[in-house]
Amino acid sequence: MFQGISTRAVSIAAIVVLVVIVLSSSFFVVPPSEMAAVRWLGGTVTTKQPLGTGLHFKLPFLETADYLQTSQSTYTLPDLSVYTNDNQSVDISISVIYQIPSTAVMHLLYDVGKTGNTDIESTIVPVIRDRALAVFAKYNTLNVSDSRAQITEQMRKEVGMALQRLFGINVVDLQLTGIKYSPVFSASVEQAVKAKAEAVQAQNTVLQKKYEGEQKTVTAAAEAQAKIESAKGIAESTILEADAQAKAIQVVGQAMQANPLYTKFYAIQHWNGVLPQYVGGNGAVPFVDISDKNR
């Protein structure tokens, strides 16, 4: 009796498990960030529009659901070696933000690469590499830094057009995230910058010496002019003093001629209180006769 019950329980459990397996393989859920399509053995059941977000059913064990991410994705391509038009190697890093529209889902799932979402990035990398090489080949290495924004815009345009044409993928944005020059080029640029700095320093030294020389010339000219002006002032002062003395003598002479008594007045006015002396036989004798002639 117990053996019969046990066998029946095992059978029921097996049936339940089988039902669960069948049911679980009969439906699938598509998340908001993806779209899907169903294929049956070697062919596709979904032939027109991909399946959107939600619960979907399929034949268990016979049909398979393939998923493809349709939300924005970012792919970074680091250390990509490109060449400029002067044959200089430059390593760049590119970050591409792209999105797969619903119109491109079926094409990417079954017409490009492997089935499903497994090799989309490996599919677009050669295109990005080719367009980046083509854009950089138009620029000289010395102009890369100054033209970075223009190069980025051209790569965004070229990569976007190529991915849209080949796969129907929309490029949302592309950024040139890194530029690394070759060691030889970096050394040559450093030497050029150093030489330019030394040339500027030498030019500044020449200008400084020239300025100092001009300052000395200006100072010497100013000192010479000052001496000339001083000598001119002394000469003019001497002339003025001599003219004044001559005029004074002329005035005194005229006064003496006009009035003989002015001579005695002038002598008394300028006398210092000491009588003029002369040396005679008996010693110093007053030069002025002070005897009374009327006595």
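All values below were derived from every heavy atom in this structure, side-chain atoms included, with hydrogens, water molecules and symmetry-related copies excluded. In what follows, residues are counted from 1 in the order of the sequence shown.
- Residue Met106 holds its CE atom at 10.0 Å from CE of Met35, rounded to the nearest 0.5 Å.
- Annotation for Pro126 and Thr123: closest pair CD-O, 3.5 Å, computed over non-hydrogen atoms.
- Put simply, the side chain of Tyr181 does not reach to within 4.5 Å of the side chain of Gln88, judged on heavy atoms.
- Checking each of Val172, Ile128, Asp173 against Val96 for a side chain to side chain contact (heavy atoms under 4.5 Å, CB included) leaves exactly one that passes, namely Ile128.
- Note on Leu62: it clusters hydrophobically with Val38, by side-chain heavy-atom contacts below 4.5 Å among ILVMFWY residues.
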Subject >> side chain to side chain contact (heavy atoms under 4.5 Å, CB included) assessment of Val171 paired with Gln164 >> reply: CA-CA 8 Å; Val171 173; Gln164 176 60 231; over 6 Å; no
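- Nearest approach of Asn85 to Ala137, heavy atoms of both residues: CB-O, 3.1 Å.
- The CG atom of Leu163 sits 6.0 Å away from the CD1 atom of Ile124 when rounded to the nearest 0.5 Å.
- Nearest heavy atoms, Ser93 versus Pro78: OG-CA, 3.8 Å.
- One finds the OG1 atom of Thr152 at 9.0 Å from the CD1 atom of Ile92 (value rounded to the nearest 0.5 Å).
- Side-chain contact between Thr74 and Ser95: present, with at least one pair of heavy atoms (C-beta onward) separated by less than 4.5 Å.
- Considering only heavy atoms from C-beta on, Asn140 stays 4.5 Å or farther from Thr84 through its side chain.
- The side-chain heavy atoms of Ile151 and Val144, taken from C-beta on, include a pair separated by under 4.5 Å.
- By the rule that hydrophobic residues join a cluster once side-chain heavy atoms approach within less than 4.5 Å of another member, Val125 and Leu174 end up as members of one cluster.
- Within the model, atoms NZ of Lys58 and CZ of Phe27 stand 9.5 Å from one another, a figure rounded to the nearest 0.5 Å.
- Looking only at side-chain heavy atoms (C-beta outward), Arg156 and Gln175 come within less than 4.5 Å of each other.
- Closest of all the heavy-atom pairs between Ala36 and Phe28 is CB-CE1, 4.3 Å.
- A distance of 11.0 Å separates CG of Asp79 from CD1 of Ile94, quoted to the nearest 0.5 Å.
- The same ILVMFWY cluster, assembled from side-chain heavy atoms under 4.5 Å apart, contains both Leu109 and Leu166.
- Considering only heavy atoms from C-beta on, Val159 stays 4.5 Å or farther from Tyr98 through its side chain.
- Proximity of Asp66 to Leu68: side-chain heavy atoms (C-beta onward) are nowhere separated by under 4.5 Å.
- Looking at Phe136 and Leu80, their side chains never come closer than 4.5 Å, going by heavy atoms from C-beta outward.
- By the rule that hydrophobic residues join a cluster once side-chain heavy atoms approach within less than 4.5 Å of another member, Phe57 and Val29 end up as members of one cluster.
- Between the Glu63 side chain and the Leu59 main chain, a donor and an acceptor come within less than 3.5 Å of each other.
- Taking all atoms of both residues into account, the shortest heavy-atom contact from Pro50 to Ser102 is CG-O, 3.7 Å.
- Within a 6.0 Å radius of CD in Gln99, other residues, nucleotides and ligands contribute more than 12 heavy atoms.
- Nearest heavy atom pair, residue Pro31 against residue Thr53, reads O-OG1, 3.6 Å.
- A donor atom on one side chain and an acceptor atom on the other are not found under 3.5 Å apart for Ser89 and Ser81.
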**OP:** Could you walk me through whether Gln69 and Ser71 pass side chain to side chain donor-acceptor pair (under 3.5 Å), step by step?
**Re:** CA-CA 6 Å; Gln69 181 178 341; Ser71 60; 3.1 Å; yes
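- Around CG of Asp111, the count of heavy atoms belonging to other residues, nucleotides or ligands within 6.0 Å exceeds 12.
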Original post:
Can Ile120 and Tyr75 be said to form a side chain to side chain contact (heavy atoms under 4.5 Å, CB included), step by step?
Top reply: CA-CA 10 Å; Ile120 296 300; Tyr75 180 76; over 6 Å; no
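- Tyr67 and Trp40 fall within a single hydrophobic cluster, where Ile, Leu, Val, Met, Phe, Trp and Tyr are joined by side-chain heavy atoms under 4.5 Å apart, directly or via other members.
- Pairs engaging residues 125-139 under the side chain to side chain donor-acceptor pair (under 3.5 Å) rule: Arg131-Glu158, Tyr139-Gln150, Tyr139-Gln154 [sequence neighbours left out].
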